[in-house]
**Student:** 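Before I ask anything, here is the structure I am working with.
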Amino acid sequence: MGSHRRLAQSGFDRGASSALGVLSAAAAALGAVAAVPATAAPHDDTRAEVDRLYEEAEQATEAYNSADERADTLREQVGTAQDRIARQQERVNGLRERLGSLAGAQYRSGGLAPSMALLFSRDPEDYLAKASVLDRITAHQAGELKELQGALRELAQERAEAAGKLAELEKSRTAVGRHKRTVEQKLAKARRLLEALPPGDRAAYDRASRSGRDGMPAPGSGPVSGRAGAAVAAVRSALGKPYVWGANGPGGFDCSGLVQWSYAQAGIALPRTSQAQAHAGRRVPLSEARPGDIVTYRSDASHVGMYVGNGQVIHAPYPGAPVRYDPVGMMPVSSVTRP
């Protein structure tokens, strides 16, 4: 499936809102298939419908990955904001305590006007010395009060920002749930359609999904070393692992999760979604592809694999098909990116 928690926001809503329409269209197509004679090749229509459902599920998976990644980022930001608020609250409490102590001391000293205190003082010189100290205390108290007012403003601002992040986090969580339901509906529908096919047709569908396309430029097979070589070694180690939508290893993968995980083993952090991975490096022509390059597919870059040389990619195809080799031209290539 197309890559991760990964984050095209406007595509999320379009993918989610079109889910029921697509499923209704699928049901209508199946009803029409059941009504036509055998000579109309109904299994071809079923395979085409499975392709559409897989493609739309992949788009929704990428939307899920993006929303999930956004939720993770927001959770971290909220946690940081809450830590700052706790520290600022401690500062406010300390300022209030110091101001309270000063105010209490002044209250206990009597609160006489300075002229009257001087008049009744038994030792005017001692009083004047104390008054000088009191002036300094009062100035310090004014400074403390000003600092407290500033701290309270900062605390209110940080609490407002944290509340905004929490609201945004809740929206992202809602989006995650919506895209998850869309993916599950489409994959369940595709699975039912495939299971309804005779075994020979299911095998034919698998062969067709692995075929190359005519007219594709021959990709290169240049040398591989360094981090690209480590990423290729990692992706090869994942061969045979199951497709698990929304997963980025090590036990299972969706398409972008596989690419992200493989490069992580080489010490390179890639984005979670296939759309973002398409921009995670320098674009090169397919004819100049080298092992380790990222190949994205379809006009919306909703599927991705890693080129490994000899005209092949390794990718996580779809549920029920494990991580495997396939021709680089198995579907329309959107871009080739070298991290």
Side-chain angles (χ1 to χ4, degrees), residues 1-4 47 50-51 53-55 57-59 61-62 65 183 186-187 190-191 193-195 197 199-214 216 218-221 224 228-266 270 272-274 277-278 286 289-298 301-337:
M1 287 282 173
S3 148
H4 266 315
R47 290 195 293 266
V50 169
D51 281 340
L53 288 167
Y54 275 150
E55 181 176 348
E58 215 159 32
Q59 292 165 349
T61 297
E62 289 309 296
N65 289 334
V183 173
K186 291 179 182 295
L187 292 181
R191 183 172 61 251
L193 290 172
L194 279 176
E195 290 173 351
L197 288 173
D201 287 291
R202 287 201 297 272
Y205 174 84
D206 186 62
R207 287 193 299 272
S209 71
R210 309 187 69 169
S211 62
R213 297 168 62 86
D214 296 333
M216 296 288 291
S221 295
V224 57
V232 170
V235 79
R236 283 178 173 150
S237 75
L239 286 167
K241 294 290 180 68
Y243 179 96
V244 179
W245 78 267
N248 61 344
F253 303 90
D254 64 17
C255 68
S256 58
L258 174 64
V259 172
Q260 185 191 49
W261 176 85
S262 298
Y263 261 100
Q265 309 317 298
L270 290 183
R272 179 61 181 92
T273 65
S274 56
Q277 289 172 1
L286 177 60
R290 294 202 306 244
D293 288 349
I294 297 169
V295 183
T296 51
Y297 293 94
R298 306 190 187 105
S302 58
H303 189 76
V304 66
M306 186 186 297
Y307 184 66
V308 292
N310 300 316
Q312 292 186 310
V313 294
I314 293 177
H315 69 136
Y318 50 80
V323 175
R324 69 189 188 191
Y325 288 99
D326 272 326
V328 69
M330 61 186 172
M331 62 181 77
V333 172
S334 173
S335 66
V336 179
T337 304

**Student:** Enter the distance from Q265:CD to Q260:CD here, rounded to the nearest 0.5 Å.
**Tutor:**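 That separation rounds to 10.0 Å.
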**Student:** Can you name the nearest heavy-atom pair linking G305 to V259, along with the distance?
**Tutor:**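 Shortest heavy-atom contact: C-CG2, 4.0 Å.
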**Student:** Checking side chain to side chain contact (heavy atoms under 4.5 Å, CB included) for the pair L187/Y54: CA distance, chi angles, key distance, verdict?
**Tutor:** CA-CA 7 Å; L187 292 181; Y54 275 150; 3.9 Å; yes
**Student:** Any chance you could measure R324, atom CZ, to Q312, atom CD, to the nearest 0.5 Å?
**Tutor:** 11.5 Å
**Student:** For G246 and D254, work out which heavy atoms get closest and say how close.
**Tutor:**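 That closest heavy-atom pairing would be N-OD2, 3.0 Å.
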**Student:** With sequence neighbours excluded, tell me which residues meet side-chain hydrogen bond (donor to acceptor under 3.5 Å, both in side chains) with S335.
**Tutor:**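 Checked S335 against side-chain hydrogen bond (donor to acceptor under 3.5 Å, both in side chains); matches are T296.
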**Student:** State the CG-CG distance between L258 and N248, to the nearest 0.5 angstrom.
**Tutor:** 10.0 Å
**Student:** Should the pair H315 and H303 be assigned to parallel (<30°), tilted (30 to 60°) or perpendicular (>60°) ring geometry?
**Tutor:** perpendicular
**Student:** State, with a plain yes or no, whether a side-chain heavy atom of R236 is found less than 4.5 Å away from one of I314.
**Tutor:**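 R236 reaches I314 side chain to side chain.
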**Student:** Say whether, by atom type as modelled, one donor and one acceptor occur between the side chain of Y263 and the main chain of G292 under 3.5 angstrom.
**Tutor:**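 Answer holds: yes.
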**Student:** For V244 and G252, which heavy atoms make the closest approach, and how far apart are they?
**Tutor:** CG2-CA, 4.0 Å
**Student:** Using every non-hydrogen atom in the two residues, find where G240 and P322 come nearest and quote the distance to one decimal.
**Tutor:** O-CB, 3.6 Å
**Student:** Would you check if V328 and V336 make a side-chain contact, meaning some heavy-atom pair closer than 4.5 Å?
**Tutor:** no
**Student:** Quick one: closest heavy-atom pair of G251 and P242, and the distance?
**Tutor:** O-CD, 3.2 Å
**Student:** According to side chain to side chain contact (heavy atoms under 4.5 Å, CB included), who are the partners of A230, at least two apart in sequence or on a separate chain?
**Tutor:** A266
**Student:** Given 3.5 Å as the limit, does a donor-acceptor pair link the side chain of Y297 with the main chain of A301, or not?
**Tutor:**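 No; zero donor-acceptor contacts below 3.5 Å.
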**Student:** Taking all non-hydrogen atoms of both residues into account, name the closest pair between P250 and W261 and its distance.
**Tutor:**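 For P250 and W261, the tightest heavy-atom pair comes out as CB-NE1, 4.0 Å.
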**Student:** State the OG-CD distance between S302 and Q59, to the nearest 0.5 angstrom.
**Tutor:** 5.0 Å
**Student:** In sequence, state the C-alpha distance, the side-chain angles, and the governing distance for Y325 and V313, and then conclude on side chain to side chain contact (heavy atoms under 4.5 Å, CB included).
**Tutor:** CA-CA 6 Å; Y325 288 99; V313 294; over 6 Å; no
